[in-house]
There are 2 protein chains.
Amino acid sequence: MDTANDLFKKLTFFPEPEFREELLKHGQVVSFNKGDVIVKDGQYVKFLPIVLKGAIRVFQQKEDREILLYYVKAEETCTMSLAAAYFNNKSTSHGVVTEPTELLIFPSSLIDQWQLKYPSWNKYVMHMFRRRYDELINSFEGIVFDHIPHRVLEYLKRKGLDENTKTVHISHEHLARELGSTRVVISRILKQFERDKKIKLFRGAIELL
Amino acid sequence: MDTANDLFKKLTFFPEPEFREELLKHGQVVSFNKGDVIVKDGQYVKFLPIVLKGAIRVFQQKEDREILLYYVKAEETCTMSLAAAYFNNKSTSHGVVTEPTELLIFPSSLIDQWQLKYPSWNKYVMHMFRRRYDELINSFEGIVFDHIPHRVLEYLKRKGLDENTKTVHISHEHLARELGSTRVVISRILKQFERDKKIKLFRGAIELL
DNA sequence: TCAGCTGTGTATCTTTTGATACCGTGTGGA
DNA sequence: TCCACACGGTATCAAAAGATACACAGCTGA
């Protein structure tokens with residue numbers, strides 16, 4: 001079992017000794033459980049998180065639907081929070097923990113100094129921005145070009161790989177939210193997949209064949 | 001009539017004298033005409049552009065359709081180029097000039113130094129990333145939630161505002177590309193708008209009422 | 001144990017969008 | 001002048017996705 005300190009040590013992409021000292025000095029390790037809300041739309045971002053373990057689901061809410069932006073996973077940070085913190089803006093997104101999660105959090109006020117002082121941080125930030133942008137383009141592409149059945153299958157496969165399992169635990173309702181569709185449509189598609197022997201359906205779970 | 005030097009002077013958001021000197025020393029002003037290709041998918045990005053006047057349309061191409069990412073307008077830079085240059089990656093997008101355009105271009109190799117040396121550049125980069133990301137989210141939202149007619153109207157209104165005119169010069173075909181749809185669909189929708197007295201159609205142009 | 005909630009299956013209907021095809025009508029250049 | 005080509009109108013057909021409604025099963029807490 002890793003301690004928070006072990007996890008911290010894994011952040012090897014910040015090599016500058018001086019920086020690592022600062023990270024330790026100002027950083028604070030905090031734990032969250034599934035469902036905990038990290039940030040809400042409209043709040044100022046006082047702390048910037050780096051995920052040590054677990055995942056944060058970041059999304060925007062419009063009327064009754066939501067737009068999934070990305071998941072912040074181990075070693076990553078939340079670019080929406082980063083930008084909001086950097087510019088002292090309110091958050092425009094929600095961040096919710098989806099599994100037991102440990103975060104390393106820093107006062108937002110440090111960010112702009114780090115940007116100038118530590119090349120590795122600078123690179124890290126650029127990398128995260130680039131990555132999030134590419135992810136969003138990908139989703140975008142998916143919506144524009146691919147039909148929902150295709151996207152459903154993609155989602156399930158990726159989730160299966162990520163969690164290294166053949167059984168994905170998710171409700172049709174939730175799956176619909178992830179893909180920006182509605183429950184009935186997803187149920188219909190999944191049932192067809194089951195008839196095609198591509199998956200097997202259970203209450204709250206889907207087995208990949 | 002502004003000279004390129006006048007235009008350069010407008011970049012007041014880079015106040016550091018030392019930085020301005022460097023900008024002048026390494027920067028080069030180049031002109032392009034409508035249709036000129038600035039970057040292509042697969043090319044290395046050797047120069048980073050800041051638009052002084054005009055606009056660059058940045059998009060990705062997949063099979064026969066394209067995804068519009070953004071327009072780089074005056075005082076802006078192209079984040080895709082920036083990221084590609086920073087990481088020495090090949091470009092994954094195309095950039096094409098859509099009107100007579102003047103660019104200030106810099107050798108890509110300078111970017112990471114600037115990031116650390118000049119706070120104003122750092123802020124500028126963060127700002128651009130933030131902005132592009134928000135733009136993409138907006139398009140995303142549009143596609144997920146809004147029907148095409150709504151998006152067509154939005155597009156026309158915004159374009160009308162941008163160019164301070166009631167008559168937008170664009171073909172149905174081109175409009176379809178901008179919105180990721182097809183010509184027939186757009187023609188159908190526009191015709192309906194005309195019947196509803198929302199617009200008036202001309203060959204190659206649309207008047208807003 | 002029973003009420004109520006969540007999760008799922010399914011039918012019906014409508015709307016939206018896309019695909020294809022065909023036909024005009026300007027327009028600019030040979 | 002005439003032809004090729006870009007532009008635009010429209011009809012027809014099909015597919016995709018959403019909305020709504022209803023039924024029923026499993027689970028959970030009072």
Side-chain angles (χ1 to χ4, degrees), chain A residues 34-35 62-67 98 139-156 159 167-208, chain B residues 34-35 62-68 98 139-156 167-208:
Chain A
K34 183 172 174 169
K62 306 275 162 174
E63 283 114 58
D64 61 337
R65 291 230 216 169
E66 54 188 45
I67 301 177
T98 58
S139 308
F140 198 89
E141 256 183 61
I143 291 198
V144 177
F145 297 133
D146 300 337
H147 293 168
I148 297 188
H150 184 241
R151 297 204 291 130
V152 170
L153 221 47
E154 286 292 305
Y155 182 90
L156 292 177
K159 187 124 182 160
T167 304
V168 176
H169 290 269
I170 190 173
S171 75
H172 298 186
E173 175 70 38
H174 190 176
L175 182 45
R177 286 198 177 287
E178 292 281 283
L179 300 176
S181 179
T182 59
R183 203 272 306 168
V184 187
V185 173
I186 299 301
S187 287
R188 185 197 291 156
I189 288 165
L190 288 175
K191 204 64 199 171
Q192 186 55 46
F193 281 164
E194 192 177 41
R195 277 190 282 269
D196 297 345
K197 310 282 184 212
K198 286 180 179 147
I199 58 175
K200 204 165 164 190
L201 296 174
F202 300 92
R203 185 185 175 83
I206 301 165
E207 186 189 338
L208 310 176
Chain B
K34 182 170 176 171
K62 305 274 162 175
E63 284 114 59
D64 59 337
R65 290 229 216 168
E66 54 188 45
I67 302 177
L68 175 64
T98 58
S139 308
F140 198 90
E141 255 181 61
I143 291 198
V144 177
F145 298 132
D146 301 336
H147 293 167
I148 297 188
H150 185 241
R151 297 203 291 130
V152 170
L153 220 48
E154 286 292 305
Y155 182 91
L156 292 176
T167 304
V168 176
H169 290 268
I170 190 173
S171 76
H172 297 185
E173 175 70 39
H174 190 176
L175 183 45
R177 287 201 175 285
E178 291 281 282
L179 300 176
S181 179
T182 60
R183 203 272 305 170
V184 187
V185 173
I186 299 300
S187 288
R188 184 197 290 157
I189 289 165
L190 288 175
K191 203 65 199 172
Q192 185 55 46
F193 281 164
E194 191 177 40
R195 276 191 282 267
D196 297 345
K197 310 280 184 215
K198 286 179 178 148
I199 59 175
K200 203 165 167 188
L201 296 175
F202 300 92
R203 185 184 177 82
I206 301 165
E207 185 188 339
L208 310 175

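Sequence lines set the chain letters: A, B, ... in the order given, protein chains first and strands last, and positions in each chain run from 1.
A/Leu153 contributes atom CG, which lies 10.5 Å from atom CD1 of A/Ile189 (distance to the nearest 0.5 angstrom). To the nearest 0.5 angstrom, A/Glu173 atom CD is 7.5 Å from A/Arg183 atom CZ. In this structure, CG in A/Leu156 is found 11.5 Å from NZ in A/Lys198, a value given to the nearest 0.5 Å. Going from atom NE2 of B/His174 over to atom CD of B/Glu178 covers 4.0 Å, rounded to the nearest 0.5 Å. The CD1 atom of B/Ile148 sits 7.5 Å away from atom OG1 of B/Thr182, with the distance rounded to the nearest 0.5 Å.
For the pair A/Ile206/A/Phe193, no side-chain contact is recorded, criterion being any heavy-atom separation below 4.5 Å from C-beta on. A heavy-atom distance below 4.5 Å is found between the side chains of A/Leu175 and A/Leu190.
C/dG9 atom C1' lies 18 Å from atom NZ of A/Lys200, rounded to whole Å. Atom CZ of A/Phe202 and atom P of D/dC27 are 14 Å apart (whole Å). Protein atom CG of B/Leu175 is 14 Å distant from nucleotide atom P of C/dT17, rounded to whole Å. Distance B/His174 NE2 to D/dC5 C1': 19 Å, rounded to the nearest Å. The interatomic distance linking B/Leu179 (CG) with C/dT16 (P) rounds to 17 Å, in whole Å. The distance between atom CD1 of A/Ile186 and atom C1' of C/dG7, rounded to the nearest whole Å, is 14 Å. Per the geometry, CD1 belonging to A/Ile199 stands 11 Å off P belonging to C/dT8, to the nearest Å. Atoms CD (B/Glu194) and P (D/dG8) sit 12 Å apart, rounded to a whole Å.
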Heavy-atom contacts, protein to nucleotides 21-28 of chain C, under 4.0 Å, summarised as B (base), S (sugar-phosphate only) or - (none) per nt, yield ----BBS-
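Tested against B/Glu194 for a side chain to side chain donor-acceptor pair (under 3.5 Å), the candidates B/Lys197, B/Gln192, B/Lys191 yield a single pass: B/Lys191.
For A/Glu207, the side chain to side chain contact (heavy atoms under 4.5 Å, CB included) partners at least two apart in sequence or on another chain are A/Thr167, A/Lys200, A/Phe202, A/Leu209. Residues forming a side chain to side chain donor-acceptor pair (under 3.5 Å) with A/Arg203 (at least two apart in sequence, or on another chain): none. In this view, B/His150 and B/Asp146, B/Glu154 satisfy the side chain to side chain contact (heavy atoms under 4.5 Å, CB included) rule, not counting sequence neighbours.
Recorded end-axis angle for the helix from C/dT1-D/dA30 to C/dA30-D/dT1 stands at 30°, based on five pairs per end and rounded to 10 degrees.
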Under 3.5 Å, which protein N or O atoms sit close to an N or O of nucleotides 16-18 of chain D? Give each pair with its distance.
from, atom 1, to, atom 2, distance (Å)
D/dA17, OP1, A/Ile148, N, 3.0
D/dG18, OP2, A/Ser181, OG, 2.8
D/dG18, O6, A/Arg188, NH2, 3.2

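An OP1 or OP2 oxygen of D/dG9 is reached within less than 4.0 angstrom by a side-chain nitrogen or oxygen of B/His172.
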